[in-house]
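These numbers come from a predicted model, not from an experiment. Side chains are part of it too, since the values below use all heavy atoms of this structure and drop only hydrogens, waters and symmetry mates.
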Amino acid sequence: SPCLIDMCQNGGCGGYCQSYNKAWNKISNSKVFLVPSTGMNSWSGRAEILGFEAHDVGLGIESLSGGFGIDNFLVECRSGETWVMPPDAYVSSVPANGFFWYDTGQEHIITNAL
């Protein structure tokens, strides 16, 4: 997770950031198109996504850790556009999922989702 303090400043580069020092990532007005896998993901949690749009994706968004907020969220896994695939690849092998939470016990807030 991103940390509010510089862990390397006092020689603790390999140290653990305490929960009271963890920061949030804020990502705003992002768009993803033509991705056969995940449009956006977070391994650290503590993310605030404001305005996210994804079209023609395998998976719109995923969170691999708790603490994730999304506002103004649109995922259209299949828009109807023709996909140009590499040889020996097939659109039918690309999943079409909106979002996925990796584990149980996570806490997320989703508002204004389409």
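Counting only N and O atoms by type, the side chains of Asn72 and Asn112 include no donor and acceptor under 3.5 Å apart.
Going from atom CZ of Arg46 over to atom OG of Ser19 covers 7.5 Å, rounded to the nearest 0.5 Å. Asn29 contributes atom CG, which lies 8.0 Å from atom CG of Leu50 (distance to the nearest 0.5 angstrom). In this structure, CG in Asp6 is found 11.5 Å from CG in Asn21, a value given to the nearest 0.5 Å. Rounding to the nearest 0.5 Å gives a distance of 3.0 Å between NZ of Lys22 and OH of Tyr16.
Between Met40 and Val57 there is no side-chain heavy-atom pair separated by less than 4.5 Å. Looking at Val32 and Phe52, their side chains come closer than 4.5 Å, going by heavy atoms from C-beta outward. Residues Phe73 and Ile49 have side chains not in contact (no heavy-atom distance under 4.5 Å, counting atoms from C-beta outward).
Cluster partners of Met7 are Ile5, counting Ile, Leu, Val, Met, Phe, Trp and Tyr whose side-chain heavy atoms approach within less than 4.5 Å, directly or via other members. When hydrophobic side chains of Ile, Leu, Val, Met, Phe, Trp and Tyr are connected at separations under 4.5 Å, Trp24 ends up as a singleton with no cluster partners.
Across Leu34, Val35, Leu74, Val75, a single residue satisfies side chain to side chain contact (heavy atoms under 4.5 Å, CB included) together with His55, and that is Leu74.
The side chain to side chain donor-acceptor pair (under 3.5 Å) contacts involving residues 84-100 comprise nothing, where partners must be two or more places apart or lie in separate chains.
Nearest heavy-atom pair across Ile70 and Ile61 is CD1-CD1, 4.1 Å. Taking every heavy atom of both residues into account, Pro95 and Pro36 meet most closely at CD-O, 4.4 Å. Across Val91 and Arg78, no two heavy atoms sit closer than the pair O-NH2, 3.9 Å. The nearest pair of heavy atoms linking Leu4 to Ala23 is CD2-CB, 3.4 Å.
At distances below 3.5 Å, not a single donor-acceptor pair connects side-chain atoms of Asn25 with backbone N or O atoms of Ala47.
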